[in-house]
4 protein chains.
Amino acid sequence: MSSKPLRADARRNRDRILAAAEEVFARHGASASTEEVAAIAGVAIGTVFRHFPTKQDLLAAIVKELLARLTAEVAELASADPATALFDFVERVVEQAAEKRAVVELLAADGVRVGVADPLRGLADALGVLLSRAQQAGAVRAEIRLDEVLALLTATAQGALHGGWSEDLRRRALAVVFAGMRP
Amino acid sequence: MSSKPLRADARRNRDRILAAAEEVFARHGASASTEEVAAIAGVAIGTVFRHFPTKQDLLAAIVKELLARLTAEVAELASADPATALFDFVERVVEQAAEKRAVVELLAADGVRVGVADPLRGLADALGVLLSRAQQAGAVRAEIRLDEVLALLTATAQGALHGGWSEDLRRRALAVVFAGMRP
Amino acid sequence: MSSKPLRADARRNRDRILAAAEEVFARHGASASTEEVAAIAGVAIGTVFRHFPTKQDLLAAIVKELLARLTAEVAELASADPATALFDFVERVVEQAAEKRAVVELLAADGVRVGVADPLRGLADALGVLLSRAQQAGAVRAEIRLDEVLALLTATAQGALHGGWSEDLRRRALAVVFAGMRP
Amino acid sequence: MSSKPLRADARRNRDRILAAAEEVFARHGASASTEEVAAIAGVAIGTVFRHFPTKQDLLAAIVKELLARLTAEVAELASADPATALFDFVERVVEQAAEKRAVVELLAADGVRVGVADPLRGLADALGVLLSRAQQAGAVRAEIRLDEVLALLTATAQGALHGGWSEDLRRRALAVVFAGMRP
DNA sequence: CATGAATGAGTTTTCATTCAT
DNA sequence: CATGAATGAAAACTCATTCAT
């Protein structure tokens with residue numbers, strides 16, 4: 001699955017570039033220039049394109065990374081209180097949305113185009129577990145399905161991001177959604 | 001309020017351009033090129049810029065138009081059943097979202113930058129009436145405020161738009177939100 | 001030589017346009033837009049092009065007008081003190097230079113292209129008279145020729161214009177030139 | 001002072017572009033198109049903008065270069081005959097004016113806007129030395145100040161440039177000015 | 001004649017991507 | 001592998017000029 005083991009310095013550059021990309025795209029959205037990413041990563045533009053042959057590839061890479069991170073977070077919650085784990089997770093994701101501008105954009109908009117279907121499924125599966133457990137614990141209505149939860153998750157994440165919601169507004173908006181999920 | 005009555009041909013072109021812009025921006029988002037708008041409108045690029053000196057102006061114009069349309073729709077619902085009017089309206093907006101890509105984007109993201117603050121307030125005010133009536137009719141919890149409704153409205157509109165929700169998914173997602181608003 | 005007698009309103013428009021052009025080109029140079037000229041003249045852009053089929057024609061027209069005005073001023077000085085008339089005239093022209101941006105530019109740069117050779121010769125001739133008289137009065141050295149005077153006139157006019165000379169600087173610079181012309 | 005040493009090919013292109021720009025702007029004035037500069041330099045348009053991010057920057061660069069060249073020439077004259085060095089220098093500058101259309105324009109008109117204030121001061125200072133020495137040598141009247149000299153220098157340079165003076169005319173015009181500066 | 005809308009070539013500038021060093 | 005210079009296709013915007021109203 002993973003191609004070659006990469007030389008140490010190459011690996012370091014790749015990571016630097018990813019970090020820089022996350023920062024830049026978070027600030028200016030996906031239309032930020034690759035040149036700026038290179039500058040912040042402290043490498044030349046050619047190096048960016050060597051690691052990620054296309055801007056799309058770069059975007060896909062940081063989205064994948066975030067998805068992996070989120071999936072890991074979900075896994076950690078597998079043993080938490082079933083009645084609250086799902087809500088906690090959604091809360092956390094939406095909270096972080098503002099820091100992940102490009103990611104949220106891409107998650108919602110270009111998921112397919114950008115080729116992150118698989119990692120996305122990974123997150124969905126993990127989230128499915130939280131949902132089941134919440135339902136078994138009687139914290140969420142039985143007829144609610146995973147796709148609604150995902151849909152509302154991305155919708156509110158986007159809303160929070162683009163709408164510039166205040167912390168208070170975010171909390172109240174999510175309270176409505178959560179209330180709608182409870183029995 | 002309106003400056004000059006415009007010559008017949010100018011009016012026709014202005015309308016054509018607006019229609020073309022709505023179509024183009026709906027398809028490719030706000031980053032679509034003005035040139036394409038001109039092509040579809042069947043006019044030269046200069047004509048677009050004569051009517052809308054800036055791309056921003058063009059975007060603002062179509063957003064304003066949609067806002068006006070929505071506000072009018074809300075007004076029509078003023079005499080409808082208080083218990084359902086608000087939900088009906090939200091449903092309708094989210095339903096149409098998919099056709100209004102750029103509009104939804106701008107509504108949520110660039111409202112201020114694009115200079116549509118006033119029409120936006122107009123819509124909010126009209127929506128506020130629906131909300132009050134729904135609350136008085138006991139269809140919506142009293143502590144729910146207008147900004148949450150607006151936030152959830154734009155969030156789900158964006159979600160539906162960018163996420164490519166199916167009709168079924170949209171209905172279920174909104175059902176959750178509506179349930180969360182009820183007493 | 002002059003074509004048709006022009007209707008009264010047409011004549012009025014022509015004059016307005018010329019006045020506006022002088023003002024606009026004086027402020028922004030010859031690259032100012034014809035549209036602005038029309039706006040200030042209070043006519044539509046088509047009217048400007050009806051009177052002056054080309055921007056060049058418009059520029060030429062205002063240059064001609066100024067040349068005529070200057071020539072007239074010279075003529076008035078024909079009976080003034082020979083020893084000072086020439087210097088007075090040069091002084092006055094340079095003084096006004098700042099108000100005549102485009103004119104000075106064109107005078108010096110595009111004289112030929114813009115097709116004002118004849119009026120220019122008219123001014124030169126008139127100036128020649130002042131020069132002769134000054135020389136006969138012993139106020140200017142005999143070997144000085146008309147083309148030098150013209151050259152220094154336009155040069156200092158341009159200098160004053162583009163260099164933004166203060167009144168004091170202009171006076172001192174011309175003092176040097178005049179001293180150089182005296183016996 | 002100088003940022004990075006530039007790669008060999010980059011240096012070559014930069015020089016080519018500067019040369020092309022000098023040629024193009026000399027012929028068509030500062031309003032000539034950057035595209036033409038690129039064409040004559042034999043590079044793509046992007047290369048021009050990589051070296052000079054703005055048209056203004058390009059203009060400023062060639063002006064600075066000329067100013068530096070002139071300042072160097074003045075320095076060389078520091079040990080020449082005080083009685084003639086100043087006149088020689090002015091003569092030379094005006095002589096070259098015709099080749100430097102844009103430069104002369106900018107020198108006089110846009111000096112500040114184009115951001116060459118410092119190099120300009122450098123030239124002025126150097127010229128001031130020549131002036132002092134000429135005055136001490138009794139070749140120039142004591143009350144003549146540096147700003148007049150500069151003013152007359154740029155004025156005649158512009159005159160020669162835009163007026164298309166013949167060599168003979170230029171010499172005679174300058175003779176008048178020089179005579180005006182002598183005791 | 002006047003109006004002012006339409007035209008469209010031209011200008012500056014940006015940026016993803018390629019490739020010589 | 002890394003560098004960063006070069007490329008060139010857009011994109012937004014301007015303006016002299018034409019022509020239908």
Side-chain angles (χ1 to χ4, degrees), chain A residues 6-10 13-14 31-39 42-58, chain B residues 4 6-14 17 31-38 41-58, chain C residues 6-10 13-14 31-39 42-58, chain D residues 4 6-14 17 31-38 41-58:
Chain A
L6 276 181
R7 263 164 45 177
D9 55 344
N13 273 343
R14 206 193 118 95
S31 69
S33 86
T34 314
E35 195 92 40
E36 194 182 344
V37 172
V43 303
I45 181 71
T47 305
V48 175
F49 276 89
R50 164 167 285 270
H51 285 280
F52 308 93
T54 275
K55 197 187 179 182
Q56 286 289 320
D57 294 331
L58 178 55
Chain B
K4 293 145 219 168
L6 275 182
R7 249 162 54 179
D9 54 347
R11 167 100 242 141
R12 197 167 45 244
N13 272 341
R14 206 194 117 95
I17 291 168
S31 70
S33 88
T34 312
E35 197 99 34
E36 192 181 346
V37 172
V43 301
I45 182 70
T47 304
V48 176
F49 279 93
R50 162 171 269 266
H51 285 280
F52 307 95
T54 278
K55 196 188 181 182
Q56 286 286 318
D57 293 333
L58 180 53
Chain C
L6 277 181
R7 263 163 46 175
D9 55 344
N13 273 342
R14 206 193 118 95
S31 69
S33 87
T34 315
E35 195 91 40
E36 193 181 345
V37 172
V43 301
I45 182 71
T47 306
V48 175
F49 276 89
R50 165 166 284 270
H51 285 280
F52 307 95
T54 276
K55 196 187 182 183
Q56 285 289 320
D57 294 332
L58 178 54
Chain D
K4 293 144 220 166
L6 274 181
R7 249 163 53 180
D9 54 346
R11 168 100 243 140
R12 196 167 46 245
N13 271 342
R14 206 193 118 97
I17 291 168
S31 70
S33 88
T34 313
E35 197 100 33
E36 192 181 346
V37 172
V43 300
I45 182 69
T47 305
V48 176
F49 278 91
R50 162 171 269 267
H51 286 280
F52 307 95
T54 278
K55 195 187 181 184
Q56 286 286 319
D57 293 333
L58 179 54

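Each chain gets a letter, A, B and so on, in the order its sequence line appears, and its residues count up from 1.
- In secondary-structure terms, DNA chain E builds stems of at least 3 consecutive Watson-Crick or G-U pairs, each pair having both distances under 3.5 Å, at E:2-21 with F:2-21.
- Between Arg50(C) and the phosphate of dC1(E), there is no side-chain N or O to OP1/OP2 separation shorter than 4.0 Å.
- Take the nearest nucleotide of DNA chain F for Ala32(C) and for Asp9(A): the residue whose nucleotide is more 5' is Asp9(A).
- Between Ala38(C) and Val48(C), the shortest heavy-atom distance links the atoms CB-CG2, 3.7 Å.
- Summarising the geometry, the separation between CD on Glu35(A) and P on dA5(F) is reported as 9 Å, rounded to the nearest angstrom.
- Here Thr34(A) reaches the OP1 or OP2 of dA16(E): one of its side-chain N or O atoms lies under 4.0 Å away.
- Across all their heavy atoms, Asn13(A) and His51(A) have their closest contact at CB-NE2, 3.9 Å.
- Between atom CG of residue Asp57(D) and atom NZ of residue Lys55(D) there is a gap of 12.5 Å, rounded to the nearest 0.5 Å.
- To the nearest angstrom, P of dT12(E) lies 13 Å from CG of Asp57(D).
- Residue Thr47(D) places at least one side-chain N or O under 4.0 Å from the OP1 or OP2 atom of dT7(F).
- Mapped onto DNA chain F by nearest heavy atom, Gly46(A) and Val43(D) fall at different nucleotides, with Gly46(A) at the one closer to the 5' end.
- OP1 or OP2 of dA2(E) has at least one side-chain nitrogen or oxygen of Asn13(C) nearer than 4.0 Å.
- When distances run from any side-chain atom of Ile45(A) to the nucleotides dT7(F), dG4(F), dA2(F), the shortest one goes to dG4(F).
- Residue Thr47(B) holds its OG1 atom at 13.5 Å from CZ of Arg14(B), rounded to the nearest 0.5 Å.
- Between the CD atom of Glu36(C) and the P atom of dT14(F) there is a distance of 13 Å, rounded to whole Å.
- Residue contacts for Ala38(B): at a heavy-atom cut-off of 4.0 Å it reaches no nucleic acid atom on any strand shown.
- Taking the side chain of Ala10(C) as heavy atoms from C-beta on, and the options dA2(E), dA5(F), dT7(E), the nearest nucleotide is dA2(E).
- Remark: the backbone N or O of Glu36(B) is paired with a side-chain donor or acceptor of Ser33(B) at under 3.5 angstrom.
- Not one side-chain nitrogen or oxygen of His51(A) sits closer than 4.0 Å to the OP1 or OP2 atom of dC1(F).
- Taking atom CZ on Arg12(B) and atom C1' on dT21(F), their separation rounds to 11 Å, with Å as the unit.
- For the pair Thr34(A) and Phe49(A), the tightest heavy-atom approach, listed with the atom from each and the gap, is CG2-CE1, 3.6 Å.
- In this structure, Ser33(A) reaches the sugar-phosphate backbone alone: every heavy-atom distance under 4.0 Å involves primed, P, OP1 or OP2 atoms, never a base.
- Taking atom NZ of residue Lys55(D) and atom C1' of nucleotide dT14(F), one finds them 13 Å apart after rounding to whole Å.
- Distance from the side chain of Phe49(B) is smallest for dT14(F) among the nucleotides dA5(F), dA16(E), dT14(F).
- Mapping Gly42(C) and Pro53(D) onto DNA chain E by nearest heavy atom places Gly42(C) at the nucleotide closer to the 5' end.
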